[in-house]
Amino acid sequence: MPWVNASYHIETETQVFIASQLFLEVGTNVRQVFLATDTDGVAILCLLLQEQKLMLAVRLQIDEGNDDFLIDIRPHLSWSIPAVDAEPVIVTRPRYNSGLLPFTDVIVLTLDNCLFLYSGKECLCKYLLPATVGNYVLSPNKQCHERDDQLYNLKIVGLGDAVEGRININLSNGQVFRCALRRFPSSSLASDCIAAMAGIRYFSTSTTSATTTSDTAWSHLIHSKFHKDYCKRTSISGISSVAMPFPGGSDYFSANNIGKEQNRDSLFYAKLIRETLDSLHALYENLKLVSLRKRDVGLLAVLLCNIAAALGEASFADYYIRDFPCILGEIGSYSCTVSPKSPPNLFRWLESCLKHGCHSVDTSDIPPLVFNDKICAVGWARKIVCFYSLLLGAERVGRKLSTGVYCDLAKGSIRTKEEVTVLAMVAEKFGRQQLDILPVGVSLPLRHALDKCRESPPPDWPAAAYVLIGREDLAMSRFSSSGQAKGDESNNSADLISNSVPYMLHLRPVTLPSSISDVLKLNTVNFEDTDTLDKSIEDGMEHIFNSSTQLRYGRDMRLNEVRRLLCSARPVAIQTAVSPSASDQDFQQHQLWNLAQRTTSLPFGRGAFTLATTYTLLTEALSFPKLSLAGRLPAQQNATVSLDPNVRNIPELRSWPEFHNGVAAGLRLAPFQGKMSRTWIQYNKPEEPNVTHAGLLLALGLHEHLRVLLITDVYKYLAQEHDITTVGILLGMAASYRGTMHPAVSKMLFLHIPSRHPSSFIELDLPTLLQSAALMAIGFLYEGSAHPLTLKILLGEIGRRSTGDNVLEREGYAVAAGSALGLVALGRGKDAFGFMDTFVDRLFQYIGGKEVYHERYFGSGQSASEHNRIAGQMMDSAQINVDVTAPGATMALALIFLKTESEAVASRLSIPMTHFDLQYVRPDFIMLRIIARNLIMWSRICPSGDWIDCQIPEIVKDGIAKLTDDARDSDEIDVEALVQAYVNIVAGACIALGLKYAGTKNSDAQELLYSYARYFLNEIKHLSLISGSAFPKGISAHVDRGTLEICLHLIVLSLSVVMAGSGHLPTFRLLRYLRSRNSAEGHINFGIQMTVSLAIGFLFLGGGTQTFSTENSAVAALLVTLYPRLPTGPNDNRCHLQAFRHLYVIAAESRWVQTVDVDTGLPVYAPLEVTITEADNYSETSFCEITPCILPERSMLKNVRVCGPRYWPQVIHLVPEDKPWWRSGDKTDPFNGGVLYIKRKVGSCSYIDDPVGCQSLLSRVSDTSHLSSFFTKICSNNEPGSFKVDHLVSTFSADPSLIAFAQLCSDSSWKTNTDRDFQEFCSQVLFECVSKDRPALLQLYLSFYTTVGSMWEQVLNGHLVFHDSLFLSSLKLALAYNDALVSGQLTSTSGGIVQPTFVESIKKRVEEILTSPYMFKDHFHKYLSLGKWPEEQHSGSKMNAILLSWYLCWFGVPPPHIVRSALEKIRSKVPCPSSMAPFLRMLLPSTHTKAITEIDKWQGLLEGGVSG
């Protein structure tokens, strides 16, 4: 068949070959084409040729390109296999991929009706149908000869439908069977044996031997078909059928005089069997470390003992018989010779390491196969050797340890040997499930390492390491903040589960909270008062009650009261007469109008109260609570009364309040982990623009959700020409892109400033409020950038007369421009611009200073168009109207020089020092200057009365001090001006104080502000102060009440800023009182009600989960929000745009931390020790907080530690940084979005169940020395209604193993003395495990106790309980662990994890059993003399062999030939010693003194018999 080289293209996505030329070469009789892989993983193309009955296989030489594969097909890389049918299957390497293809084998149906499995051209095995197939194929009614004929004629005619390792087999009678091709032997022991023997490197030796052997008759025979058929029929276990030499036995080849070549092959097979013994012995040692495979160990011991007997290895055979003396009846007679090689013993090596350290122990007891980390069959033993080596001081170079084994380490800090061991266990995927599989004695040192690391592990360990040491709290925190991609979370979860205890998995909640928002959604609790709240009406605050707020406020009804005060969805109650007259109806309307002022201000507070407290489904529209301006008359059966539209303009009254209502509804949405859907925003867009949706846009922008909108979406909103919607979208987009200087958003904003339009631009009639919103938006968009052109523009806009429709709003326009200017150069000071002096001079000109005006900046070198722009400056009669420009310029200076400590600028913001200056400067401007001065001199703000007094000029102090009743008539001084200045200075200083300590809950600031609020309130109420008060008296007689009300409410608002999120009860009581005051006198207008509403919202910011920051941007946002010019009505935007009152959201931070019990997933109380770093005004300080709580700012937070005796300690170390708090979803957040996982110690109740700590386990009795007896007393108390120990344990622990064991302890069915003794032991063990939080030790204590008890029962009664002696090796390791603690090989500050007295009692009891009169010493003497075990002639002989094995194992008696060798050595040195015991002690250091004494006695008897 001719071949030509050709290239073929394979598409990587569909992996379809275009092999048309190949089909032309082989003809049209190709039945099937498929891909497989060769033995080296190279792809092969298989073509099944129907006529030739062949399968043609061609290797594909692949040349990888960028996106394509180029395939070269070459004739010399092809072969053919006789085949009737063939299918690709995945059998040999199911989890291995060769490039894009899985490693695929081929199953072939040959001409003689046989199934063969091929890997490439190599035939791996032959498959046979099960013998039971005939039973299914043939009918049982057939005659016997008919059935035989059908069985003989039954053939396989085809294959099909291959899926991985499964295939359909079509029989000649039409039957189809679905067959699974077995990959491994059904026996796990057989699989392990094959895997272990695969490590023998005899394949290369065999190949070399076969190639170098000449073509002799022998080589011809072993390559013949007869030999292959013979090997198929002969069992692999029949090694005795092949003659081979054994040490000490007859040389078969010498006796039969076989040729040299035959002898060489025989030596090879003898070496192979010896290597097989070594490999299977390594597997044997490996399986001895798995407590669940004792049966497999016994079966393997029989095989190994037979092999050792055949090889004449006496030491090996004796070793296996010692472990399993009952196998004596399963092995034949053998002749053993003394071999210098002793079998490796891993238990002996582990014990020696514990006693002497790994540096002093020979590694000959480690099987050589364990040093190869590629052999998985002994991987378990390799891991244990690694862990013990690291725990006992082995050095590590790369992956190799000084003991010769290889080990990986997980990433993490290392301080002790125990921590190294833990990281090795994590890297080797050795979790607590695997630890439970180990023999209890082997696991004891490893549990010791885990226990020692449990208290304070390093903070950078992987989550699996924390799970391993029992710190699931740290694991969950680490796992949640690990920065893993979503695709890796399932893998990490699987790793955590693999390291967990299986019986604890069902205790884990289905979903643990990953952030504080999840905690808030855990268990919604209904706190509603049915008498005051209508559940059918949605007020926008129904979601605020949950398990977390219940934990925060307990049975306190503060949140219910806040919800009642801020509810605007229900009509308010109006107190009137039962039978109203016409005048009463007018009074109702007047009272309802005053209450409507309060109702329309409630959305301000509700937005702050519900800030970021809920989520909405992106498939549902957002609901808006109703804003009801109606009233109800309780005296008239709650009849509803509405405002008269003929008297009041209701639509105008509702426009801006509905906007604020929309903002409040949008602010309650928490920032999403990802982006909010653009579709959802458009889905909530109404067909006709309305003010509620405009407020929603602003709220979404403040949460930075409007980034998902396209610029075309924004312009569609602008095209609606709805003013309030435009305000919302401008501010919202700027807040979303805050500080980015986004070009498209910048163009949109400047479009709404007519003064920046080119002269050729069409004239736009834009309302002033739009221009003010655009200016503020520019400030946020360019925040902190100090963009020169923007600064220049905004400076000019402060003094420019607005071209809007409302001239009265020019002050608001100037304030917006000044605030924007300050935001652009926020905190930059003189670094903001190169010509700083010019800017500062111009700002002071706007304020009204007497400085020289710099003509060079505004006059020289200006174009005509620029001159025309300046002509629009806000001047009255060639003078700047400072009444309009001064507030904006003052705001600009305050923000530009924020925290710069600039004495020069602060001094120029002078406070009037003379009576003339008091007449020159407006009192409210003095307040602004005080605020600006103190924000500039930030570090000097101090929460003390002296600091506020120093803000007051001497002339004001003197004037206030000399106040008398006739001072008003005095012509010398203007008392009203002095008092006006005084109250405004105090209010300004309080506002500065509130900004400095925003969100800090500073007690000094709180007390100071609260005292001034009480002072102003008492002055308004004309109440006399307490004698000795430092506050001046009688100022209310010289100042109008409106000014006092404004100052009072500004101080209260500042107090709420300081106590933001705390829910401070005295402050809340004050606010509730202020809200309840009658507004009939006209002084309690909309602006006053707005401050009260905002103050309540700030006090409970975010339901108590949020607070304010003191970063520059936060202070700026708060200053704009707290701007001290309050509106007079719901639509008043003259001095300050009402939308700016929501900018506090920028300053809000979620520094709330909630502790969650990692075992239950529920929020719990826990004490935290918070340490703040040293600052200029205070040293490093630590204080205690009870969670849930709000933490200090990131700039001062140093560490947070979970303290207290009930929970495991946990420390979060932080580096104080002047950065904002971590945002929701930030992977670097050490607090996981506000959730701190903690783990309760067993034996302690939670603070919810036991607030004062009187119910803990250790507090149940007064004397801790009687605790175990206390437990025993409870266990033995079976009276009805008595306290049960299982109830006690379930109170302190959720561990099901402890609870089930406690139920066992309290079982009343135990009657006998033995049962009661065991019950008492169980109660003591239970107390030990519960009190020390070590539930895993239950298994260990019970195992040791029952083992010793069963040993004594077996010796005393002859009942066979143990058929082996492996358990004694585990007990000896427990003793070695105790010795390691004493010698210092293992370090521990509080002793071992097991009571040393218990271990010593176990040792004493075992030695008593093994030295009891029931032990037959003559069997021991016979064993030493002849090396023979008790023959199994009756049942007692088996018991004798078992007891002898126990004696030899426990006392460390070496094999007989070593004992005899030691005795001969002693005789050669000391001819006639009186006792050989001291010399035997030197020569046999690992043998117990009791056994040496018995050997000495045997030697004495032996010598006595000889002499006799």
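One-based numbering along the sequence shown.
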Can you tell me how far [atom2] of [Y] sits from [atom1] of [X], rounded to the nearest 0.5 angstrom?
X	Y	atom1	atom2	value
Ile1172	Leu1191	CD1	CG	11.5 Å
Leu1055	Leu1070	CG	CG	7.0 Å
Glu1180	Thr1173	CD	OG1	6.0 Å
Ser456	Leu474	OG	CG	10.0 Å
Tyr1165	Gln1154	OH	CD	9.0 Å
Thr1105	Leu611	OG1	CG	7.5 Å

Would you check if the side chain of [X] reaches a backbone N or O of [Y] as a donor-acceptor pair within less than 3.5 Å?
X	Y	value
His703	Leu669	yes
Thr1181	Ser1179	yes
Thr1155	Ile1238	no
Glu1007	Asp1004	no
Ser1056	Ala1095	yes
Arg1151	Phe1108	yes
Glu1328	Gln1324	no
Gln1210	Trp1208	no
Arg552	Gly1104	yes
Tyr1207	Val1202	no

Show the nearest heavy-atom pair for residues [X] and [Y], with the distance to one decimal.
X	Y	value
Gly1103	Thr613	N-CG2, 4.2 Å
Asp460	Ser413	OD2-OG, 2.6 Å
Thr1171	Ser1182	OG1-OG, 2.9 Å
Met425	Leu468	CB-CD2, 3.6 Å
Asp539	Arg606	O-CD, 3.4 Å
Ala1148	Leu1101	CB-CD2, 4.2 Å

pair [X]-[Y]: side-chain heavy atoms closer than 4.5 Å:
X	Y	answer
Glu1217	Ser1195	no
Cys1203	Leu1168	no
Asn1199	Leu1214	no
Leu1065	Arg1069	yes
Tyr997	Thr1110	no
Leu423	Ile414	yes
Leu1197	Pro1216	no
Gln1395	Tyr1341	yes

Assess, by modelled atom type and distance only, whether the side chains of [X] and [Y] contain a donor and an acceptor separated by less than 3.5 Å.
X	Y	value
Gln1106	Glu1149	no
Ser477	Asn1232	no
Ser1109	Glu1193	yes

Please determine if [X] and [Y] form a salt bridge, counting it only when a charged side-chain N lies under 4.0 Å from a carboxylate O.
X	Y	answer
Asp1157	Lys1239	no
Glu561	Arg558	no
Arg1240	Asp473	no

Decide yes or no on side chain to side chain contact (heavy atoms under 4.5 Å, CB included) for Leu1162 and Val1156, but give the supporting numbers first. CA-CA 5 Å; Leu1162 298 177; Val1156 174; 5.9 Å; no
For the aromatic rings, using the six-membered ring if either is Trp, is the centroid distance between Phe1098 and Phe609 under 6.0 Å? no
Flag the pair Trp1221 / Phe1231 as yes when their ring centroid distance falls below 6.0 Å, and as no otherwise.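 Distance test on ring centres: under 6.0 Å, yes.
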Working note: Cys567 + Met541, criterion side chain to side chain contact (heavy atoms under 4.5 Å, CB included); need CA distance, chi angles, decisive distance, verdict. CA-CA 8 Å; Cys567 178; Met541 296 175 286; 4.1 Å; yes
Going through the checks in order, is the side chain to side chain contact (heavy atoms under 4.5 Å, CB included) test met by Val422 and Leu450? CA-CA 7 Å; Val422 172; Leu450 300 182; 3.6 Å; yes
Run through Arg454, Glu455, Glu1169 and flag the one making a side chain to side chain contact (heavy atoms under 4.5 Å, CB included) with Pro1209. Glu455
Counting only heavy atoms not in Lys1198, do more than 12 fall under 6.0 Å of its NZ?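 No, the 6.0 Å shell around NZ holds no more than 12 heavy atoms from other groups.
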Does CZ belonging to Arg1223 count more than 12 external heavy atoms closer than 6.0 Å? no
Go through it in stages, so that I can follow the logic: the residues are Glu1185 and Phe1183, the test is side chain to side chain contact (heavy atoms under 4.5 Å, CB included), and I'd like the CA-CA distance, side-chain angles, deciding distance and then a yes or no. CA-CA 7 Å; Glu1185 289 276 6; Phe1183 58 92; 3.6 Å; yes
Is Arg1206 positioned over the aromatic face of Tyr1247, cation under 6.0 angstrom from the ring centre and no more than 45 degrees off axis? yes
Just checking, Arg1194 and Trp1222: is the charged tip under 6.0 Å from the six-membered ring centre and within 45° of the axis? yes
Carefully, step by step, assess Asp436 and Arg447 under the rule salt bridge (Lys or Arg N to Asp or Glu O under 4.0 Å). CA-CA 10 Å; Asp436 289 341; Arg447 294 186 188 276; 2.8 Å; yes
